[in-house]
Amino acid sequence: MMQTLSYLHYKQQRKSMAIESLNEECGVFGIISPKEQVAESIYLGLFALQHRGQESAGIATSDGSKLFKKTDTGLIANVFKNIHASNLKGSLGIGHTRYSTTGSDSKKNAQPLIVRGINGEIALGHNGNLVNTEELKEKFLSEFQIDYKTTADSEVIAHMYANSLGKDWFDRSNYCMRYIKGAFSILIMTKDELIGARDPLGIRPLCLGKKEGSWILSSESSALSHIGADFVREIDNGETVVINKDGIQSSKYNSRSNDHKMCIFEQIYFSRPDSIIDGQLAYESRVKMGESLAKEHSVDADIVVGVPDSAIPAAIGYSNESKIPYTEGLIRNRYVGRTFISPNQKLRELGVKTKFNVLDQVVKDKKIILIDDSIVRGTTTTRVIEMIRDAGAKEVHMRVSSPPITSPCYFGVDMATTSELLANQFSIDDIRKIIGADSLGFLSLEALITSVNSNKNSYCKACFTGDYPMPVQLDFDKFHLEKIKEKN
Ligand code: SF4
């Protein structure tokens, strides 16, 4: 419910709140090669997906008879200090970089996971979040008396695939797709096969690449070019691909393409701007969002400034449309990225000053249009506006290249609880007062949809509408499985 009177109280409270961030889910990257050792290429691919998760990383490989694995907490560069000397042998492997959306960020939850079941030993890396983990454990896995080693929903998917009925991986995957509810783009590795699958709604991305005789599966196409591979295509919603020495085969679960509900935030923010999503470069979608924002919320100003790095394409789009010059007014400290603010609350509280610096001479005495891609709790936005005003800006007009976020995500994005979402609690004008802007405008949902290529994809837009593409448990939090474990 909108509260129109208590925003001043809220504003005071927020002084002690953590810096907000929309935390991405995870990244997966796998290669099967006829002869090359793959660990180093997987390492490079994961590097390109580091933005999708910074809490832990891992690689599992197979030499055709045995699986090898190394996982740990931390960034890819820390986990694999000397990848050349690792014992990750083999011409088949999968890698994972994780942000915890279910389960804590402890070492035991790092992926890939290796489990054994009636279908043999498999390694799994998962991007997404399930909404029926407990049901799967009780209804489908109880007979196997599994000793769960992690508190992540991904382990449940691994055991489902390792123990599902079916003559081949297509049958087994279709069985799993029928019962597993939620978002999952997964890579599975057996001793001699690489398997990729995307849930029936295709909420999280997954794409296929090729380099000479090697096949690659990756969360984002941008990671393919890092190892010199060509983008082949996106994996479809409900599709399973199995790649082995005989080549690649594909099968589709009984889902229609118009069931496609990819997360629209992949277009707005999560994916890298150089990734192809739904057939369109994310950079181009973001420029169009900025152009539409300028059409919907024009204002007289001297310069357009984007919050780096993610809002820069939208700021360029706003400038193109409004003919107001785009200027760099905020510099991001490249060595204090998400890494720095992500895992540790104390460090987060040090604030955005460590992350951004204002170019005082650029903003002084100017009317600024400040573009960001989203407002979650509003803490970062407030502090950035304060910094710009302190540097002498005359006016700060906030423009946001997505609609107000009013509902939390249950499909693998850790954004905030309902009551922490500023737009769930306050009117647009109160948000304007809270963040300290002279004016505030959000992109409309209609304009967002026309900015992305939505020919075959109707997108999940639930954090803007509250209309989830499947039933969700509204009191779910990411430590849900740990709480259940403690209770038992
Ligand atoms: Fe993406 Fe929002 Fe849907 Fe979550 S609720 S999958 S963030 S669009």
Side-chain angles (χ1 to χ4, degrees), residues 20-28 51-53 99-102 126-132 153-154 180-186 198-206 219-220 234 237-238 255 259-272 275 277-278 280 282 285-286 289 310-311 338 372-377 400-424 442-454 456-478 480:
E20 69 179 323
S21 58
L22 275 173
N23 289 303
E24 300 88 335
E25 335 76 8
C26 296
V28 292
H51 62 287
R52 296 185 74 86
Y99 177 82
S100 57
T101 49
T102 297
H126 166 217
N127 172 202
N129 210 53
L130 303 192
V131 297
N132 69 335
D153 57 354
S154 312
I180 299 175
K181 303 288 176 226
F184 56 98
S185 279
I186 52 170
R198 204 169 163 199
D199 67 70
L201 298 179
I203 294 175
R204 294 287 150 227
L206 190 64
S219 291
E220 293 185 35
E234 291 169 83
N237 56 315
S255 60
D259 287 337
H260 203 163
K261 298 274 184 198
M262 187 192 219
C263 168
I264 204 160
F265 250 107
E266 294 284 349
Q267 292 275 22
I268 298 166
Y269 165 79
F270 298 141
S271 290
R272 283 172 44 150
S275 284
I277 310 165
D278 203 17
Q280 182 165 305
S285 302
R286 290 170 196 175
M289 288 171 208
S310 53
R338 300 171 190 197
D372 207 349
D373 49 58
S374 51
I375 293 182
V376 187
R377 298 188 192 98
V400 185
S401 62
S402 64
I405 299 173
T406 52
S407 302
C409 178
Y410 297 90
F411 308 120
V413 178
D414 187 23
M415 43 172 68
T417 59
T418 307
S419 61
E420 289 170 332
L421 294 169
L422 208 55
N424 180 280
F442 289 88
L443 186 66
S444 70
L445 190 58
E446 297 70 34
L448 172 63
I449 291 163
T450 54
S451 303
V452 298
N453 178 4
S454 55
K456 64 169 188 172
N457 191 345
S458 51
Y459 286 101
C460 174
K461 311 175 269 293
C463 45
F464 307 125
T465 62
D467 182 14
Y468 295 95
M470 68 185 78
V472 294
Q473 191 185 332
L474 294 171
D475 60 353
F476 180 88
D477 73 51
K478 73 174 183 173
H480 179 70

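Residue numbers count from 1 along this sequence. In listed order, ligands and their atoms are each counted from 1.
- Here Cys263 fails the criterion, with no N, O or S atom under 2.8 Å of atom 2 (Fe) of ligand 1.
- Put simply, the residue from Phe411, Phe270, Tyr459 that forms a ring-ring contact (aromatic ring centres under 6.0 Å, His included) with Phe265 is Phe270.
- Given atom 3 (Fe) of ligand 1, the protein heavy atom at minimum distance is Cys460 SG, 2.3 Å.
- We find the CZ-CD distance between Arg272 and Glu266 to be 13.5 Å, quoted to the nearest 0.5 Å.
- In terms of protein heavy atoms, atom 6 (S) of ligand 1 is closest to Arg204 NH2, 3.4 Å.
- In this structure, Lys261 and Met470 have side chains that are not in contact, with every pair of non-hydrogen atoms separated by 4.5 Å or more.
- From the protein, the heavy atom lying nearest to atom 2 (Fe) of ligand 1 is Cys463 SG, 2.3 Å.
- Of all heavy-atom pairs spanning Ala447 and Leu443, the tightest one is CB-CD1, 3.6 Å.
- Interatomic distance, CZ of Arg204 versus CG of Asn237, reported as 14.0 Å (0.5 Å rounding).
- The nearest heavy-atom contact from the protein to atom 4 (Fe) of ligand 1 is Cys409 SG, 2.3 Å.
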